[in-house]
J.: 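So that we are looking at the same thing, I have put the structure below in structure tokens.
The figures here come from the full heavy-atom set of this structure, side chains too, leaving out hydrogens, waters and symmetry mates. Since the model is a prediction, treat every value here as computed from it, not as a measurement. We count residues from 1, following the sequence as given. Both ligands and their constituent atoms are indexed starting at 1 by order of listing.
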Amino acid sequence: MTGYPASPALVLVDVSPSGVLRSSAAELIGAATAVGTPVALAIAAPGSAERLGAELAGLGAAHVMIAESADAARGMVLPVVDALSAASAALSPEAVLIANSIQGRDAAARFAVRSGAALAADAVGVSRDEEGVVAHHSVYGGAYSVESAAAAGPLVITLRQGSSSLRAEPQDPSVEVLKVPASGTSDAAVLHCQETAVVSARPELRGASVVVSGGRGIGSGENFALVESLADVLGGAVGASRAAVDAGYVPQSLQVGQTGVTVAPEVYIALGISGAIQHRAGMQTAKTIIAVNKDADAPIFEIADFGVVGDVFTVVPQLVSAIEAKRG
Ligand code: FAD
């Protein structure tokens, strides 16, 4: 359509209930450049178009659509699906990129059903071939890499956070307040919504570039200070295996794996973790994997780029001291 960039790739960006752009936005916009020209869509409270538009242009969105909704802070999915429908009708994109978060998967699935589009969930990359947009996936605990594409129509893709390192060049802001016709679909009513801020000096696990995880081999919740000490000298996030979570060492929110968080950091350090398939499913796409385990036959060493056979209580304090000494 006249006025919109050629070959648009629609990117739904997450905005927190208090109106702050989530960290996944830069990655989604960057990934979109591999398949088209990024057009960002945000659902936000009235009055925030100018601020968000400037931020999203700074991240490389060639055009920004803001769907203003008084319900934006309530985190409902229906306004998001309505906005996706309106933006998609205006742009006719070949690709719609959405974060593979709980909310993102919810919106993507509902939008795909409503629009009759194909859905490619949990992609770790996107590209284009002579037939159109392709989503790349890492499946069966990272044992296989597969591709998916739409037989016809646009491809709706949820992208695993941390999986793409592409970043887009900043653009001059081009911002539009999108008119979103109400779909008339009935939705749940949220009577009260309160954002809970997690106060931590460490980066968020999902999306951190360095993750240091501890397993059953750490032995207790108190001993997790060892995992934290290494995470802190590296500026990383702390993760855990399910065995460590089940034993009560750390909260479930730190669990990495099939039934926990999926991470794709630059560096993943596994301390006292055997490397069960369900754990690998959540971390195998890390760029560099380092393992410390006292059992030389532990399966984690099959996927580790660097491995130390040794006791974590001997190896990790030495590692922390060496890093601190090097930094002076
Ligand atoms: P273990 O397998 O007990 O391994 C502990 C390791 O620590 C051993 O290799 C040992 O050699 C080493 N060790 C012990 N002491 C030391 C020391 N002092 N120094 C160095 N090394 C030491 N697991 C997940 O992690 N995430 C999931 O999301 C998940 N989802 C699951 C879903 C299903 C349906 C099922 C059935 C299982 C799931 N699991 C998951 C559990 C998974 O199968 C494993 O049981 C779990 O990952 C094991 O955790 P672990 O490696 O910490 O413990």
J.: So, is G215 polar-close to ligand 1, with some N/O to N/O distance under 3.5 Å?
T.: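 In this structure, G215 places no N or O atom under 3.5 Å from an N or O of ligand 1.
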J.: Considering only heavy atoms of S241, which atoms of ligand 1 have at least one such atom less than 4.0 Å away?
T.: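 Ligand 1 atoms under the 4.0 Å threshold to S241: 25 (O), 49 (O), 50 (P), 52 (O).
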J.: Mind listing the closest non-hydrogen atom pair of V320 and S229 along with its distance?
T.: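 So the two residues come closest at CG2-OG, 3.8 Å.
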J.: For T259, take its heavy atoms, then give the atoms of ligand 1 lying under 4.0 Å from any of them.
T.: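 Numbered from 1, ligand 1 contributes 27 (C), 28 (O), 29 (C), 30 (N), 31 (C), 32 (C).
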J.: Roughly how far apart are R216 CZ and I273 CD1, rounded to 0.5 Å?
T.: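 So the CZ of R216 and the CD1 of I273 are separated by 11.0 Å.
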J.: More than 12 heavy atoms of other residues, nucleotides or ligands under 6.0 Å from CD of Q252: yes or no?
T.: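 Enclosed: over 12 neighbouring heavy atoms sit under 6.0 Å from CD of Q252.
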J.: Among all protein heavy atoms, pick the one closest to atom 43 (O) of ligand 1 and tell me residue, atom and distance.
T.: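 Checking every protein heavy atom, the shortest distance to atom 43 (O) of ligand 1 gives Q278 OE1, 2.7 Å.
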J.: Measuring from atom 31 (C) of ligand 1, which candidate in K294, Q252, R242, Q258 has the nearest non-hydrogen atom?
T.: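 Of the listed residues, R242 has the closest heavy atom.
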J.: Checking side-chain contact (heavy atoms from CB on, under 4.5 Å) between L230 and each of L226, V227, L234, which is the one that passes?
T.: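 Between L230 and the candidates, side-chain contact (heavy atoms from CB on, under 4.5 Å) is satisfied uniquely by L234.
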J.: Does ligand 1 have an atom that lies less than 4.0 angstrom from a heavy atom of G310?
T.: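 G310: in contact with ligand 1 (<4.0 Å).
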J.: Quick check: do T33 and E169 have side-chain heavy atoms less than 4.5 Å from each other?
T.: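 They are not in contact (no side-chain heavy atoms under 4.5 Å apart), so the answer is no.
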J.: Write out the residue and atom name of the closest protein heavy atom to atom 13 (N) of ligand 1, then the distance separating them to 0.1 Å.
T.: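 Answer for atom 13 (N) of ligand 1: G217 CA, 3.7 Å.
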J.: With a sphere of 6.0 Å drawn around CG of D172, does it hold more than 12 non-hydrogen atoms of other residues, nucleotides or ligands?
T.: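 12 or below, so no.
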J.: Which of the atoms of ligand 1 are close to F313, meaning less than 4.0 Å from one of its heavy atoms?
T.: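 Counting atoms of ligand 1 from 1, those under 4.0 Å from F313 are 18 (N).
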J.: Report yes if some N/O of V312 lies less than 3.5 Å from some N/O of ligand 1; otherwise report no.
T.: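 Checking ligand 1 against V312, an N or O pair does fall under 3.5 Å apart.
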J.: Considering P299, A276, G219, which one's heavy-atom position lies nearest to atom 47 (O) of ligand 1?
T.: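 Result: the heavy atom closest to atom 47 (O) of ligand 1 is in A276.
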J.: Less than 4.0 Å is my threshold; does some heavy atom of G282 fall inside it relative to ligand 1?
T.: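 Distance cut 4.0 Å: G282 fails for ligand 1.
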J.: Could you walk me through whether R202 and E228 pass the side-chain contact (heavy atoms from CB on, under 4.5 Å) test, one step at a time?
T.: CA-CA 9 Å; R202 296 191 189 104; E228 292 168 357; 3.3 Å; yes
J.: Please confirm whether V256 comes within less than 3.5 Å of ligand 1 when only nitrogen or oxygen atoms on both sides are compared.
T.: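 There is such a contact, yes.
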J.: Is at least one protein non-hydrogen atom found at under 4.0 angstrom from atom 45 (O) of ligand 1?
T.: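 False for atom 45 (O) of ligand 1.
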J.: Between E302 and R280, does any NZ, NE, NH1 or NH2 come within less than 4.0 Å of an OD or OE carboxylate oxygen?
T.: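 Counted as a salt bridge, because a side-chain N and a carboxylate O are separated by less than 4.0 Å.
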J.: Looking at N100, is its backbone amide N or carbonyl O close enough to the side chain of R105 to form a donor-acceptor pair, meaning the two atoms are under 3.5 Å apart?
T.: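 Flag set: sc R105 to bb N100 pair under 3.5 Å.
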J.: Counting each atom of ligand 1 from 1 as listed, which ones have a heavy atom of A243 under 4.0 Å away?
T.: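 Close to A243: 48 (C), 49 (O), 50 (P), 52 (O), 53 (O).
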J.: Using the ring of each side chain (for Trp, its six-membered ring), is H63 parallel, tilted or perpendicular to Y4, with breaks at 30° and 60°?
T.: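 Aromatic pair H63/Y4 classed perpendicular.
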J.: Pick whichever of M283, R280, Q255 has a heavy atom sitting closest to atom 27 (C) of ligand 1.
T.: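 The nearest heavy atom belongs to Q255.
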J.: Number the atoms of ligand 1 from 1 as they appear, then name those within less than 4.0 Å of a heavy atom of G257, with their elements.
T.: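 Answer, ordered by atom number: 26 (N), 27 (C), 28 (O).
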J.: Show me which atoms of ligand 1 lie under 4.0 Å from any heavy atom of G260.
T.: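 Reading through ligand 1 atom by atom, the close ones are 28 (O).
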J.: Heavy atom to atom 9 (O) of ligand 1, shortest distance: which of I273, T262, N293, V315 holds it?
T.: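 Going through I273, T262, N293, V315 one by one, N293 has the nearest heavy atom to atom 9 (O) of ligand 1.
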J.: Examine the side chains of S183 and D82 and answer whether a donor and an acceptor come within less than 3.5 Å of each other.
T.: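 Looking only at side-chain atoms, D82 and S183 do form a donor-acceptor pair, the distance falling under 3.5 Å.
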